[in-house]
4 protein chains.
Amino acid sequence: MREDDVKPDEAAAAPRLVRKRDSAGTRARILNVATREFANKGFEGAKTDDIADRARINKRMIYHYFSSKEQLYLAVLEAVYDQARSAEHRLDLERLEPLDALARFVEFTFDSFVRDRTFINLLATENRQRAKVLKKSDRVNTMNSPIIAAIDGILKAGVDKGTIRPGLDALQLWITITGVCYFFFSNIYTLSVIFDTDFEKPDVISERRAHVVDFVLRGVKA
Amino acid sequence: MREDDVKPDEAAAAPRLVRKRDSAGTRARILNVATREFANKGFEGAKTDDIADRARINKRMIYHYFSSKEQLYLAVLEAVYDQARSAEHRLDLERLEPLDALARFVEFTFDSFVRDRTFINLLATENRQRAKVLKKSDRVNTMNSPIIAAIDGILKAGVDKGTIRPGLDALQLWITITGVCYFFFSNIYTLSVIFDTDFEKPDVISERRAHVVDFVLRGVKA
Amino acid sequence: MREDDVKPDEAAAAPRLVRKRDSAGTRARILNVATREFANKGFEGAKTDDIADRARINKRMIYHYFSSKEQLYLAVLEAVYDQARSAEHRLDLERLEPLDALARFVEFTFDSFVRDRTFINLLATENRQRAKVLKKSDRVNTMNSPIIAAIDGILKAGVDKGTIRPGLDALQLWITITGVCYFFFSNIYTLSVIFDTDFEKPDVISERRAHVVDFVLRGVKA
Amino acid sequence: MREDDVKPDEAAAAPRLVRKRDSAGTRARILNVATREFANKGFEGAKTDDIADRARINKRMIYHYFSSKEQLYLAVLEAVYDQARSAEHRLDLERLEPLDALARFVEFTFDSFVRDRTFINLLATENRQRAKVLKKSDRVNTMNSPIIAAIDGILKAGVDKGTIRPGLDALQLWITITGVCYFFFSNIYTLSVIFDTDFEKPDVISERRAHVVDFVLRGVKA
DNA sequence: AATGAATGAGGATTCATTCAT
DNA sequence: AATGAATGAATCCTCATTCAT
């Protein structure tokens, strides 16, 4: 039972002979490759040998920079949460009309999964092991508060303007929006089998996108 | 990195010396234990040794009845889909008013995850490996059509009666409902860390349940 | 590293439902299949499961009739030696002119390997394990004396008639004749690779046959 | 059914604690031990665990240096063919009179099997599996051409000088010479049982040797 | 900083054989 | 006579990690 092998990494492959004692580069290359490996194969399925091979570094370097497979995996999780948060940060929702801001957030969330399911895969792995590793992070928690605060602001503004119904909780809404986007992608392979359809086709995806935006706005409007 | 071990299986433990040559029983016991193992540890993380120990059978029997770890895992997937489908079947939504029927379906979906996250865990594993194994099943696909047909019937009835807005697609709605319930549970561990809250507490869960039912009905009403 | 699988046995396949409690038939079928299995895969490579499957009998029957894998293997060896001896017996060399008799024996030996390499394969296996099993037979030894006696008679007659040179030992000659035929077939696969030729082609075989007969007669003539 | 165990390897035993990180040495030791194991037990009968134990290396090293049991076995085959070829090379037959050269080649072939039956045993195994592994070698084929060319030269010279009869084919003669020596050793255990004699006794062996040389020369002389 | 060699504890799977009917 | 269930000891191979340089 072997996963489809990830292709050799072009970005990583390049500076083979040139590079010598490039601390930051080596570390970054390990992290990049490890992110893909853990996302594609899960924690147990990812092999340190493969990561070393694909990163074109000596296996010993993994331990030099990250101490253990688990620590490397945690570094991957933290990096990926960082990226997600800073992408949200760049959204700049405050300047939009409340309903437009929500629509944009839904689209942003949905599209982020269209581009890349790395985050979803890592979270699947981490939840299967009950967040055992993520719990050990001292950087990750409260990382998501800004987006909840932003949504809270939008809701309040919308209620004030009469465009959004009162009584909505920002955290619940965030979970709902994320979930309604997330599930389609997190389960896209089994859904494709069960419904005997290829859910990855662009038109299926854009149909889904339209439904999600419409549905969320419906549920939120005054 | 070892998962918290599943507790020894009481059901399985009982008839140690009494049982002899109980074909159906042995098979069933393997399947039960394997379901929990694969759900708790994923495909790679589950160990045939552990399954054999916990099922209190000789390891060789796994191969006698299921040929390989992968086939055993597929049998688990099929069994679990079967159960899900027959639970849906018992719902008997047709007799209710359209909006009530939808509410009941949402509650049923949500509650099924409250009781048992086995299905969620297995799907997480299976999606991480791109449904590689599920694809090989010749029993699973189209298994879910009945529920889509049922929802379609509800939507049509609701539109006729003027209680449900027109233009909704049954499959999209099913994905939305399932997703809005599913994500909360599939990601409950990482969410708990990120938001520094215990999302498993009963009052958090029932708050979430109320929100979901309310939100779906809002999105559906005429 | 899996051997080319032997095809399902038509002879054995037939009387599936008809046969019931056919002691001699069951035993014979096991022996037939086992002969092929041991010849094709060696002692270690032959699997009792496969033998049972191909003989279409319950695995337990092997133990019923033959006690163990090793005993079954010994029965195969004995049967195969029996057949070889009785084929030699039918040769009836005494009535021919000494040189013709030798020529005929060479051809017979050579042709017996063309038809069937079962014997060669079994002997290869048995010699690799230093005749450990054959030693345990109380039927096999001295089985080959008749042919040596026959050759001895031929040599003496030929010397008397002046057609065969004196000083030849019957046993040495038997080994030489057998060896000169045997080696070509026992090593036909590696020879084919080493010399990059297909030694199994009919014309290659008949060229070899002519050489062998010619060479032996040359070595023997007065 | 366990083969007589090979005695612990003195050569390998020595530098237990001293040796550290000796790449070439480790590889060579594995290859040596594996050669004996495969020769004594065949491919299926040889156990990687035993090889590791006897080579006094960690089992993992076998896979480090040779990737798999089959690759290790192929390396053994190639090494053994290499040795055979270079021994032939050292023979330097060209300087001798044609008949003496052939006599010497026969004696050399015979004696090589007296010293060591490793090669015979490995070929027995490999032929039983139809040269499946040897076929995969890209180094082995055409390895034996030099000796055929040498014999061809001898035959031509002998014919020219009138000491060797015309019409002999070098390849056929090589097969005949090899076979006439080989069979006695490849089947020495079963022959000993069948003829109830110990064919390994020195005087039996030298009697055989004299016969073979005499017989080949007879078959070749003008 | 970087490397290749080395390790020990598993991991899935196979196998000849025996048990209970 | 015949069967399917059950067993325990191997067997090849893998993996995260450490050693020596």
Next item on the list: Calculate the interatomic distance between E37(A) atom CD and dA16(F) atom P; express it in whole Å.
Entry: 11 Å

Item checked: Distance, rounded to the nearest Å, where I57(D) contributes CD1 and dC13(F) contributes P -> 14 Å

Next item on the list: Please state how far atom CZ in F66(C) lies from atom P in dA16(E), giving the value in whole angstrom units.
Entry: 16 Å

Next item on the list: Indicate whether OP1 or OP2 belonging to dA1(E) is found under 4.0 Å from a side-chain N or O atom of H64(A).
Entry: yes

Check: Is a donor on one side and an acceptor on the other found under 3.5 Å between the side chain of E126(D) and the backbone of L134(D)?
Finding: yes

Notebook entry, point to check: Rounding to a whole Å, what distance do you find between E70(B):CD and dG11(E):P?
Noted result: 19 Å

Notebook entry, point to check: Any sub-3.5 Å donor-acceptor pair from T35(C)'s side-chain atoms to L31(C)'s backbone N or O?
Noted result: yes

Next item on the list: State which of dT11(F), dA12(E), dC15(F) makes the closest approach to the side chain of K47(D).
Entry: dT11(F)

Margin query: Closest-nucleotide mapping onto DNA chain F: is R60(D) or N58(C) further toward the 5' terminus? I mean the 5' end.
Written below: N58(C)

Check: Looking for any heavy atom pair under 4.0 Å, which part of the strands does A46(B) touch: base, sugar-phosphate only, or nothing?
Finding: sugar-phosphate

Notebook entry, point to check: Short question: side chain of K69(B), backbone of A46(B) - any donor-acceptor pair under 3.5 Å?
Noted result: yes

Notebook entry, point to check: What stem regions, each of at least 3 consecutive Watson-Crick or G-U pairs below 3.5 Å, can be found for DNA chain F?
Noted result: E:2-21 with F:2-21

Item checked: d(CG, D50(B); C1', dA9(E)) in whole Å -> 14 Å

Notebook entry, point to check: Do Q129(A) and Y189(B) have side-chain atoms, one donor and one acceptor, less than 3.5 Å apart?
Noted result: no

Next item on the list: Hey, which sits more toward the 5' end of DNA chain F by its nearest nucleotide, K69(A) or Y65(B)?
Entry: Y65(B)

Notebook entry, point to check: So, does the side chain of D49(B) form a donor-acceptor pair with the base of dG11(E) at under 3.5 Å?
Noted result: no

Next item on the list: Given side-chain hydrogen bond (donor to acceptor under 3.5 Å, both in side chains), test Y65(B) with S23(B) step by step and report yes or no.
Entry: CA-CA 9 Å; Y65(B) 287 110; S23(B) 176; 3.3 Å; yes

Notebook entry, point to check: Does any N or O donor sit under 3.5 Å from an N or O acceptor when you compare the side chain of K59(D) with the base of dG10(E)?
Noted result: yes

Checklist line | Of Y63(C) and Y63(B), the one whose closest DNA chain E nucleotide lies more 5' | finding: Y63(B)

Checklist line | Electrostatic pair E44(C):K41(D) at N-O distance under 4.0 angstrom | finding: no

Next item on the list: For the pair R54(D) (side chain) and V33(D) (backbone), establish whether a donor and an acceptor sit closer than 3.5 Å, ignoring hydrogens and angles.
Entry: no

